[in-house]
Amino acid sequence: MVLDLIGYYLPAKQTADKLVILTHGYLGHAKQMGLYGQYYYEELGFNIFMPNARGHGKSGGD
């Protein structure tokens, strides 16, 4: 079985070798992590990746 897993990637404003992966909680979805990501993006210059777990947000599965 193949499942599509969806996530959001935001490259840093300036080239950076730093990446933060922000994961949501049990009943959440990736977009709920945006406020946390804003700090890493704006203040620390990180690339951001926010995945949706299986069965959450727009990801497939149960």
Which value, rounded to the nearest 0.5 Å, describes the distance between [X] atom [atom1] and [Y] atom [atom2]?
X	Y	atom1	atom2	value
K58	Y8	NZ	OH	5.0 Å
F46	L22	CZ	CG	10.0 Å
I21	Y9	CD1	OH	10.5 Å

When V20 is tested against each of N47, L44, I48 for side chain to side chain contact (heavy atoms under 4.5 Å, CB included), which residue passes? I48
Indicate the ring-plane relationship of H24 and H56, choosing parallel, tilted or perpendicular according to the 30° and 60° boundaries. tilted
Check step by step if side chain to side chain contact (heavy atoms under 4.5 Å, CB included) holds for E42 and K13. CA-CA 8 Å; E42 296 288 339; K13 292 178 184 179; 2.9 Å; yes
Tell me, yes or no, whether the heavy-atom count around K18 atom NZ, taken from other residues, nucleotides or ligands under 6.0 Å, exceeds 12.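 Yes, enclosed.
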Mark yes when over 12 heavy atoms from residues, nucleotides or ligands other than L3 sit less than 6.0 Å from its CG; otherwise mark no.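 More than 12 heavy atoms, drawn from other residues, nucleotides or ligands, come within 6.0 Å of this atom.
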Shortest non-hydrogen contact from [X] to [Y]?
X	Y	value
R54	S59	CA-CB, 4.4 Å
M50	A30	O-CB, 3.3 Å
A16	G45	CB-O, 3.4 Å

Quick one: does T23's side chain get under 4.5 Å of P51's, heavy atoms only?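 Yes, their side chains come closer than 4.5 Å.
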So do the side chains of L10 and Y41 get within less than 4.5 Å of each other, counting heavy atoms only? yes
Has the side chain of E43 got a donor or acceptor atom that lies under 3.5 Å from a matching backbone atom of Y40? no
With distance as the sole test, does N52 use its side chain to make a donor-acceptor pair with the main-chain N or O of G7 at under 3.5 Å? no
